[in-house]
Number of protein chains: 2
Amino acid sequence: MEEGTSKSASYSEGTEDPYDACQWDVREGCEVRQILDRIADKWSLLVVALLASRRMRFTELLREVDGVSQRMLTVTLRQLERDGLVERTVYPVVPPRVEYELTSLGVTLHSAVQSLVVWTETHQVEIASARAAYDRAQQALESDHGRTDPAPGAGARRAR
Amino acid sequence: MEEGTSKSASYSEGTEDPYDACQWDVREGCEVRQILDRIADKWSLLVVALLASRRMRFTELLREVDGVSQRMLTVTLRQLERDGLVERTVYPVVPPRVEYELTSLGVTLHSAVQSLVVWTETHQVEIASARAAYDRAQQALESDHGRTDPAPGAGARRAR
DNA sequence: CAGTATCCTGAACGATACTG
DNA sequence: CAGTATCGTTCAGGATACTG
């Protein structure tokens, strides 16, 4: 097993003082970083979102997520299971049947993530046009890189 | 990861179409995925969080983020700038002075992310104990891998 | 069916050196 | 100061084959 996060990394848990919101970022060793990395993970969110609608079997997930490899699905599910976000149920039948479902913790994560999804959907147009503008500016720069300063704005100029 | 989004229900699997409102996840081409990837980025959030408190110069960020390389900071800032999340201001003075600040869009992103941070801080203890439990179960499995089935519970068993 | 074990590649990242 | 350019390495993750 070469993947995965460092298991058995015993970090000091317990009730540390709740550092204010402006501090979480600089603390690399902070748990937040780890969780964020899991959330950030390419497949985790997809799996969580799918499982939010219903419990599913391994192969179902493999089909639905589509793009995920068998190995990565396994790894992802194991991580989520380890973090207590999904629960794995094995039915001892002859063709093995395994089902995955969100735990209550997983459900809360899913709703927390939803706000980000909403943000993204809300602002995707803005972002797209910002990118277009940026790329246009870059293009202009390219064609202009021999010319002299055309807009003597005298102050600081934006977007180089 | 270039396409393969469409997963037409070509196989005979009943009548219900796979998913409804929760479509964002399966659409790889969707903007949501891209934004999520940016958010997921190792440094982006750190930079955004720092800039949320105040506008900063390049070297300041380099010092504050600490752990980031010069190259990665540049790359990160360029991406954020391109997405319209931060604004770059160049002062035409003799030792170059460049300042970065969040745009209003960047500010909204920051607050959206805060909810996730809060979630993480709220549940980090639960996660930590879930991990401990999982690891303990794995250990038990190891020591048990020669034994015969000791608990014929007849039903589905949890956590393999 | 639901995995595990191996091999391999490309993208990400860090380190370093150079520049306006 | 605030970058850009180049190189070397690591490693996440895909493809494939095997198994209980």
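Convention: sequence-line order gives letters A, B, ...; per-chain numbering from 1.
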Can you check the [X] [atom1] to [N] [atom2] distance for me, whole Å?
{"X": "B:Leu73", "N": "C:dA15", "atom1": "CG", "atom2": "C1'", "result": "15 Å"}
{"X": "A:Arg88", "N": "C:dG3", "atom1": "CZ", "atom2": "C1'", "result": "8 Å"}
{"X": "B:Leu62", "N": "D:dA2", "atom1": "CG", "atom2": "C1'", "result": "10 Å"}
{"X": "A:Arg97", "N": "C:dG3", "atom1": "CZ", "atom2": "P", "result": "13 Å"}

Side-chain N,O (A:Tyr100) to OP1/OP2 (C:dC1) below 4.0 Å: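 Result: no.
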Identify which nucleotide among [options] has an atom closest to any side-chain atom of [X], counting heavy atoms from C-beta outward.
{"X": "A:Arg78", "options": "C:dA2, C:dT4, C:dA17", "value": "C:dT4"}
{"X": "B:Thr74", "options": "D:dT4, D:dG20, C:dT4", "value": "D:dT4"}
{"X": "B:Arg57", "options": "D:dG20, D:dA2, C:dG14", "value": "D:dA2"}
{"X": "A:Ser69", "options": "D:dG14, C:dG20, C:dC1", "value": "D:dG14"}
{"X": "A:Gln70", "options": "D:dG14, D:dA17, D:dG3", "value": "D:dA17"}
{"X": "B:Arg71", "options": "C:dA15, D:dA17, D:dT4", "value": "C:dA15"}
{"X": "A:Met72", "options": "C:dC1, D:dA2, D:dG14", "value": "D:dG14"}

A:Thr103 side chain to A:Glu87 backbone, donor-acceptor under 3.5 Å: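 Not at all, since once roles are kept as given, no pair shorter than 3.5 Å links the two residues.
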Polar side-chain atom of A:Thr108 near backbone of A:Leu105 as donor-acceptor pair, under 3.5 Å: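 Such a contact is found between A:Thr108 side chain and A:Leu105 backbone.
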Closest-nucleotide 5' rank along DNA chain C - winner of B:Asp41 and A:Leu77: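 It is A:Leu77, whose closest nucleotide lies nearer the 5' terminus.
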Minimum side-chain heavy-atom gap A:Glu99-A:Arg97 below 4.5 Å: yes
Side-chain heavy atoms of A:Tyr100 within contact of A:Met56, under 4.5 Å: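 When only atoms from C-beta onward are counted, A:Met56 and A:Tyr100 do not touch, as no gap falls below 4.5 Å.
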